[in-house]
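One structure is given below, encoded as structure tokens.
Lettering follows sequence order; numbering is per chain, from 1. Everything quoted here is computed from the prediction, not taken from an experiment.
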Amino acid sequence: MLEEEDAPPAQLVRTGRASYQSAANAMSMAHKSSDRRLSIIQIAIVLWMMAIGAKLLWLQVKQHDWLLTRAAHQQQAAIDLSPMRGVITDRNGDELARSVAVKSLYASPAEIGDASAAADSLSDLLDIDRDELYKRLTSGRAAVAVKRKLDDDEVAEVSKLALPGLRFVNEMKRFYVTGATASHILGFVDFDERGVGGIELSYDKVIRGQGGRLLLDVDALNKSYDHSVEEPVPGANVSLTIDLMIQNHVEKALAEAVKSSHARGGTIVVLRPATGEILALANYPSFDPNDVSESTEIQRRDRAVETAFEPGSIFKLVTYAAALNEHLIRPDTPIDCGGGQIKIADRIVHDHPYGVLTAAQALAKSSNVAAIKIGMKLGNERLASYIERFGFGRRTGIELPAESRGLFQPASEWGPTTIGSIPMGHEIGVTAVQAAAAYACIANGGEWVKPHLISRIKSASGDVLEETQPERRQVVTEATAATLKAMLEGVVVQGTGKAARLGGYRAAGKTGTAQKIDEATGHYSNVHYVASFVGFAPVENPEVACIVSIDDPVGAHLGGAIAAPVFARVVSDTLHQLGVPPENDPQSLVAGDFQVYDLAGFVAENQPAPAEQSTDSRPSLDVAAEAPRGETASKRYASIVMPDLTGRGIREAVALCSAQGLKLKASGDGVVSLQSPSPGALVSQDTVCRVKLSKEAVKKIALYAAPKPAPGDSPRARGPRTN
Amino acid sequence: MTTSDRVPAPRWKREAELVSGRVAQARSQSARGLPVDKVMLAIVLGITLFGAVMVYSASAILAERNYGNQFYFLGRQAMWVVVGLVAMAAAICIDYRHYKRPVVIIPLLAGTLALLVVVLLLPRINETHRWIRYGRYVSLQPSELTKLALVAFLGFFLERKTKAVESWSTFVRAAIVGGVLITLVGAEPDLGTALALGLVFLTMMFQAGTPVRYFAALAIPVAPAITYMLLKPWRFQRLLAFLDPWKYQATWGFQPVQSMIAIGSGGAGGVGFAQGRQKLFYLPAPHTDFIFAVIGEELGLIGAATLVLLFALLAWRGFRAARFAPDLFGQLLAVGLTTMIVAQAFFNISVTLSLVPTKGIPLPFVSAGGSSLAISLFAAGVLLNVSKHGKA
């Protein structure tokens, strides 16, 4: 455009000259090249303009995205919002773990004004380190955390202070509705809501969802003038296979057993043989995942999967199953128990002085010599292969972190005396879950089903993301399993496991009393034992398999004495809970069946069960299905006055209920708006109180309700908090 | 007396002149009265109004914070626009040939030199000797006056020396006067304006016909001056920062980096008028020296490129006036003033784009700033007056 006038046609110039000519003398017009020089100047300007245009294009088109990122980086200060973890429920949909909204306090140092005074009052109020806080409040950052996850009182008091530059940010905090119940299954989370143990850890990616961000728009002086929120993506909800009622019973029974036997600890696993679903998994000692900082490493250890122990006699199952499956023995095969001695290589194994017993009797009486003899008949290779087929020496794949493989060496590594140990459950380490799965395999007609805890995973919007289809494999034939079932029943009816008898159901199982290795000497100890009982019931159609393992009981230490009664209690409770109809007279049936294998007068020991036990209040199947679960057992104790929960947050409601021994089932978000039973009603212990939470109620309460209780009343002491 | 046979004009104009040539000849012996260049007038008014609007956008938050009134800078700008427009209207009416009388040139030059010396002796304001203040509101930047003085003097001097324009003595004498003015401005220090003045000087000498080889001689005084400046470590740091601003973005590179972030985040369409974020104290002087960065952020490539094109159009109209100027003084005046305005504009824009090292220099007609705006408008008025005079 600029050059448009540069080259006029020569002709025109010439014709034009005449008209200019006369004026020319008045003009002191410049040198000849004037015009050309003007063009050069113009070209220079055009070049400059093009350079500017090129740089504009470069910055605004080519580098636009990058510079936009840079701009956002400096113009926005992000506060990470902890993600909203999915809800974990039991098999009936009762909530075990959920995330609740809490407030975190953040400050903008540029707007705080008097940082020193603010640090004084805030550190005092919130019980945090003053100097650390002061350092944060005087830092050059746009937003700093003062304290995260405040409780309601703290929020109220900080609001009262009305300091400038403070801002509450909504965050999520994991809340374990049932407290310490099922804590080893659920695990716990750290301060940033990341799973640390249990399902929370192993399914962290699924449950966690995505954290959101609060983006503060800040100017160069770090003052914020606007904000936007990137909403967190809620995580998936996980349904467990456990039953909260059964879990509660099991934990209670375990705690009592461990305490009464002065043991170090114990573990119980209850599962359904046909499906591999774990109904309950309990360890003692236990911990409250709401308050992890107060617990010890030993309390947090999930013994059922993390700890391998020498199983002792319960392991004879594998020996007998292998021999039966290989047709090496039958239940009535006579075995010479050698008067309680057998020599393996240069080692003599001592045992109870039994003479000749049938295989069934040998199992019932838990003869070590018989087990070793059967093991030797099988040979190292065959025994080892059956051990592997039953799933020992490798992880079951249960959905818990840090599962142990157990301790098992392949046959090629066995020493000359190994065959004298493994058939009776020494020189091998197993986990409780492995052992329970092996017995469940026999209960399930020889088919091993992977024990599992997760039944299904649903997205936050309710779509089923994953439904567990457990891995299955046939380990022994159905016939072998049936025979073995009967033999295991003999243990309960006539052998070492009589204390495991159930009123109303036929049970089968095996006791185990394993000497622990004394850590000081490295030899088997004569005072430290692991007492176990593992079995299933009812025998005909097993609904429940269960292992009880008590670590290092003081005084009585036999599995039959310590663990078997716990098994009886737990399995009987569980069968009631599942609504399995009891049989009319199980004991006589058992005795009749068992006689087939009898060689030497066990019948006399077959004490009929106490009448009261067999006629105990057994709900029929219909009743059990209709009645709200948990009310059947203790209706007669209807003496608790239902507290008024309306207007309270979920945590407060749970605290009130658990103080009264009531269960709480909550739905919705916010504060309690509806409750059933209504306040003041007389209810029994373990009643499930259903409440509906709503956010509407929050507003109403803020408007009309009386002020919150004074800060002293409500327990703020939930352990030291740190930021 | 040299011939002027190759002075071109648009065809339509020449043809019109052929028809009315004799009438025009009769009307004036030396110059023809033409209407004022309305295109140039429209461009100047357009840029000025646009500038006032952008000053408001860029300064509202700063004004609110510092003066409690978001319209503070807009109000001042409006006042100076009025003052400048009055000056421009006056300049349009005053025949530019009055300025080539020694009675105007000599006092102007002497007065400017005096003010430049005085300002150096006055106490520093903002750590420089740029302003002469009287009371709270009246302030004058001698460097602004210097722009006019230099252009007027060179036009006057070179026209007088038309025949000896290729001689050494002419060049040296012009260079001494120009050099003194530029050095005094540079000593304030106001290197941005000094550089702009240097460009004006070179352009006018070049246009007047100074042999190109003479310019090489300028290296003798300029090279030591540049060396001396670079010896100051912070200037050298700034040069390094210019070469890689991202590396020095926390220190010397801060301003160009913030400016590039602003312009780049605008993208093609901009973030929207008044929606810019970089003016929230990230950009230094968002309403004055870095107003182009605000424009680039808020109005994007479309707005920024339009403004650049408007200045280019202004250059075109200015040089067009130079071509048609009836005398050498008018031609040099037009070239000098056009160069002064457009070079300043492009220099300012190049600073915001980090094409040249950061130097404080306002964007003519746009940046907030009183006397600079008024003087720019007055200069545009003179340019418009030149455009009224065609060759007869």
inquiry  = Walk me through whether B:V151 and B:V200 qualify under side-chain contact (heavy atoms from CB on, under 4.5 Å).
reply    = CA-CA 8 Å; B:V151 172; B:V200 168; 3.7 Å; yes

request  = Would you mind telling me which of A:S224, A:S108, A:S104 makes a side-chain hydrogen bond (donor to acceptor under 3.5 Å, both in side chains) with A:R167?
outcome  = A:S224

request  = Heavy-atom distances under 4.5 Å only: say whether B:A268 touches chain A with side chain, backbone, both or neither.
outcome  = backbone

query = Non-hydrogen atoms of chain A under 4.5 Å away: do they reach the side chain of B:R160, the backbone, both or neither?
reply = neither

task = Identify which part of A:W66 has an atom lying under 4.5 Å from any heavy atom of chain B, answering side chain, backbone, both or neither.
result = side chain

ask   = Are any non-hydrogen side-chain atoms of B:S259 and B:L283 less than 4.5 angstrom apart?
value = yes

key: Structural part of B:V356 lying under 4.5 Å from a heavy atom of chain A   = neither

message = Within the 4.5 Å heavy-atom criterion, are A:V158 and A:F168 side-chain neighbours or not?
response = yes

request  = Inspect the contact between B:R320 and B:D37 and indicate whether a charged nitrogen and a carboxylate oxygen are less than 4.0 angstrom apart.
outcome  = yes

query = Which answer fits B:S354, side chain, backbone, both or neither, if we ask what part of it has an atom under 4.5 Å from a heavy atom of chain A?
reply = both

inquiry  = What part of B:A262 gets within 4.5 angstrom of chain A, counting heavy atoms only: side chain, backbone, both, or neither?
reply    = neither

remark   = Answer key: most heavy-atom pairs under 4.5 Å with chain B among A:W58, A:Y225, A:W48 is A:W48

task = Counting only heavy atoms closer than 4.5 Å, note whether B:Q278 contacts chain A via side chain, backbone, both or neither.
result = both

Structural part of B:F292 lying under 4.5 Å from a heavy atom of chain A = side chain

query = Which one of A:V218, A:D217, A:L56 has the most heavy-atom pairs closer than 4.5 Å to chain B?
reply = A:L56

query = Side chain, backbone, both or neither: which part of B:L199 has a non-hydrogen atom closer than 4.5 Å to chain A?
reply = side chain

key: Cation-pi check, A:R130 onto A:Y134 ring (under 6.0 Å, within 45° of axis)   = yes

Student check: side-chain heavy atoms of A:N170 and A:K103 closer than 4.5 Å = yes

query = Of the listed residues (A:Q63, A:K62, A:K223, A:R70), which shares the most heavy-atom pairs with chain B below a 4.5 Å separation?
reply = A:R70

inquiry  = Using side-chain heavy atoms (C-beta onward) and a distance below 4.5 Å, is A:L137 in contact with A:V144?
reply    = yes

ask   = Can A:R37 and B:T203 be said to form a side chain to side chain donor-acceptor pair (under 3.5 Å), step by step?
value = CA-CA 9 Å; A:R37 293 203 166 191; B:T203 311; over 6 Å; no

Chain A contacts, top residue of B:V308, B:I263, B:I61 (heavy-atom pairs, under 4.5 Å) = B:I263

ask   = Between A:R148 and A:D80, is there a side-chain N and carboxylate O pair less than 4.0 Å apart?
value = no

key: Among the listed options A:I40, A:L221, A:V61, the residue most often paired with chain B at heavy-atom distances under 4.5 Å   = A:L221

ask   = Do you know which of B:G296, B:A305, B:G300, B:G270 has the most heavy-atom pairs under 4.5 Å to chain A?
value = B:G300

message = Under 4.5 Å from any heavy atom of chain A, what part of B:L301 do you find: side chain, backbone, both or neither?
response = both

query = Rounded to the nearest 0.5 Å, how far apart are CG of A:L133 and NZ of A:K135?
reply = 11.5 Å

task = Would you mind telling me which of B:F346, B:F281, B:Y282 has the largest number of heavy-atom pairs within less than 4.5 Å of chain A?
result = B:Y282

